[in-house]
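Because the structure is predicted, anything quoted here is derived from the model rather than measured. All chains are named by letter (A, B, ...) in the order of the sequence lines, taking the proteins before the strands, and each is independently numbered beginning at 1.
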2 protein chains.
Amino acid sequence: MLLQIDVNSEEALYTQLANQIRYGIARGYLQPDDPLPSVRNLASELGINMHTVSKAYNKLKEEGIIIINRSKGVRISSKVFADRKTGYETILEEKIRQLVSQSICNGIGEKRFLGVVENVFKKMRSGE
Amino acid sequence: MLLQIDVNSEEALYTQLANQIRYGIARGYLQPDDPLPSVRNLASELGINMHTVSKAYNKLKEEGIIIINRSKGVRISSKVFADRKTGYETILEEKIRQLVSQSICNGIGEKRFLGVVENVFKKMRSGE
DNA sequence: ATAGCTGTTATATTATACATAGAACAACAA
DNA sequence: TTGTTGTTCTATGTATAATATAACAGCTAT
């Protein structure tokens, strides 16, 4: 799978990387048990530092999305789609509350907001 | 309207403050042309620095949500609910894409995601 | 065994963002 | 004139992000 980074983005590099991997999983480009490149190889491909890749991997590891094994490498967790109920829905609701507040202040109401969400899901199912 | 800040949160103070004001507008607790406290007064109430409040206010000003007038003070924009079409929907879609990716990786599908969104709107209409 | 690959750990440096503090300024109101 | 408004300036301390080397421990294949 193609991963790319925008060094001019305001978003932190390791966050961009983690997002891209989650996105790849959500679209089905990355599947359970699929291997990921080593920290050194991916860093080299992207032209960034090894530790930055390592930081992204460890963030995903904490979320239970990938499995890191010293000497075996990194792979997508076989239970990646399982409902791990780690209180994620509470975090999600708070983030959505912020997005909804901001949307209302920008003239975007419930119908239009739901339309954007459905559109994102549709694109995701069709693989972009 | 009551504004409060959690100094132990990972979220930056000025971001929390901006979020609370947007949230207050979305719920109707703050209405167009309503005045906001001065940077010094609000900072004093919240126990934080004047410049932190100023930073939050300027962020909202850039979003077209509030009007800042040197010597007259700060108030909610009369056009706060207008569709300013400043490309906000593009930003919204990208943020939703990230949230949806993460949700899928946590076992939350489209139905459940839409349910959370609808629930947030419902709470917002009923005023919390 | 040795060479090569894994992720990890440690130390160090640079840059940026966040939050604070105090002071002074210009615009307006009472 | 006095007081309030937001703004600007300088300064400091802390935290995070990203980089760079270097070494380490676990495993695999030659």
Side-chain angles (χ1 to χ4, degrees), chain A residues 1 3-22 30 33-78 80 98, chain B residues 1 3-22 30 33-78 80 98:
Chain A
M1 190 194 121
L3 294 169
Q4 43 189 2
I5 292 293
D6 177 13
V7 290
N8 295 320
S9 167
E10 292 181 10
E11 198 182 354
L13 300 183
Y14 83 96
T15 305
Q16 286 184 53
L17 188 49
N19 275 329
Q20 291 233 346
I21 292 172
R22 286 192 211 96
L30 289 172
D33 293 318
D34 274 358
L36 286 171
S38 73
V39 289
R40 286 177 180 81
N41 282 348
L42 185 49
S44 170
E45 276 180 36
L46 298 175
I48 63 177
N49 192 272
M50 178 187 70
H51 297 104
T52 307
V53 176
S54 180
K55 193 169 182 179
Y57 278 178
N58 275 282
K59 191 154 182 265
L60 295 172
K61 174 191 167 192
E62 283 168 19
E63 295 175 17
I65 293 176
I66 67 175
I67 303 292
I68 300 180
N69 193 312
R70 190 189 266 236
S71 85
K72 281 186 187 172
V74 180
R75 65 177 200 278
I76 310 294
S77 168
S78 55
V80 65
Q98 292 183 8
Chain B
M1 191 195 120
L3 294 169
Q4 42 188 2
I5 292 294
D6 177 13
V7 291
N8 296 319
S9 168
E10 291 181 10
E11 199 183 354
L13 301 183
Y14 83 96
T15 304
Q16 287 183 53
L17 187 48
N19 276 330
Q20 291 233 347
I21 292 171
R22 286 192 211 97
L30 289 171
D33 293 319
D34 275 359
L36 286 172
S38 75
V39 288
R40 287 177 180 82
N41 282 347
L42 185 50
S44 172
E45 277 180 36
L46 299 175
I48 63 176
N49 192 271
M50 178 186 70
H51 298 105
T52 307
V53 175
S54 181
K55 192 168 181 179
Y57 278 178
N58 275 282
K59 190 152 184 266
L60 296 172
K61 174 191 167 193
E62 283 168 19
E63 295 174 17
I65 293 177
I66 66 175
I67 304 292
I68 300 179
N69 194 312
R70 188 190 268 239
S71 85
K72 282 187 187 171
V74 180
R75 65 178 199 278
I76 310 293
S77 168
S78 55
V80 65
Q98 291 184 9

Would you kindly give the [atom1]-to-[atom2] distance between [X] and [N], to the nearest whole Å?
X        : N       : atom1 : atom2 : value
Arg75(A) : dT6(C)  : CZ    : P     : 16 Å
Leu17(A) : dT19(D) : CG    : C1'   : 16 Å
Leu42(A) : dG7(C)  : CG    : P     : 10 Å
Arg40(A) : dT21(D) : CZ    : C1'   : 12 Å
Leu46(A) : dT19(D) : CG    : P     : 10 Å
Ile68(B) : dT4(D)  : CD1   : C1'   : 16 Å
Glu10(A) : dA17(D) : CD    : C1'   : 14 Å
Leu13(A) : dT14(C) : CG    : C1'   : 15 Å

For [N], take OP1 and OP2 only and decide whether either is under 4.0 Å from a side-chain N or O of [X].
X        : N       : value
Thr52(A) : dT19(D) : yes
Asn41(A) : dT6(C)  : yes
Ser54(A) : dT8(C)  : yes
Asn49(A) : dA20(D) : yes
Tyr14(A) : dA17(D) : yes
Ser38(B) : dT5(D)  : yes

- Task: Kindly say whether Asn19(A) contributes a backbone atom to a donor-acceptor pair with the side chain of Gln98(B) at under 3.5 angstrom?
- Result: no

- Message: Once rounded to the nearest 0.5 Å, what's the spacing between atom CG of Leu42(B) and atom CD1 of Ile21(B)?
- Response: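 Taking CG in Leu42(B) and CD1 in Ile21(B), the distance rounds to 7.0 Å.
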
- Task: Grab the two heavy atoms, one from Glu11(B) and one from Gln16(B), that are nearest each other, plus how far apart they are.
- Result: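 Scanning both residues completely, I find the closest heavy atoms to be O-NE2, 3.1 Å.
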
- Message: Any non-hydrogen side-chain atom of Ile67(B) less than 4.5 Å from a side-chain atom of Ser77(B)?
- Response: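 Yes; the side chains approach each other to less than 4.5 Å.
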
- Message: Please determine whether any donor N or O and acceptor N or O are separated by less than 3.5 Å between the side chain of His51(A) and the base of dT8(C).
- Response: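 Result: no qualifying N/O pair found.
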
- Of Met50(A) and Ala12(A), whose nearest nucleotide on DNA chain D comes first from the 5' end? Ala12(A)

- Message: For Asn69(A) and Lys55(A), find the nucleotide of DNA chain D closest to each by heavy atoms; which residue's nucleotide sits nearer the 5' end?
- Response: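 Residue closer to the 5' terminus by nearest nucleotide: Lys55(A).
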
- Message: If you only use heavy atoms from C-beta on, which nucleotide in dT8(C), dT19(D), dT7(D) is closest to the side chain of Val39(B)?
- Response: dT7(D)

- Apply side-chain contact (heavy atoms from CB on, under 4.5 Å) to Glu63(B) and Lys59(B), showing your working. CA-CA 7 Å; Glu63(B) 295 174 17; Lys59(B) 190 152 184 266; 3.9 Å; yes

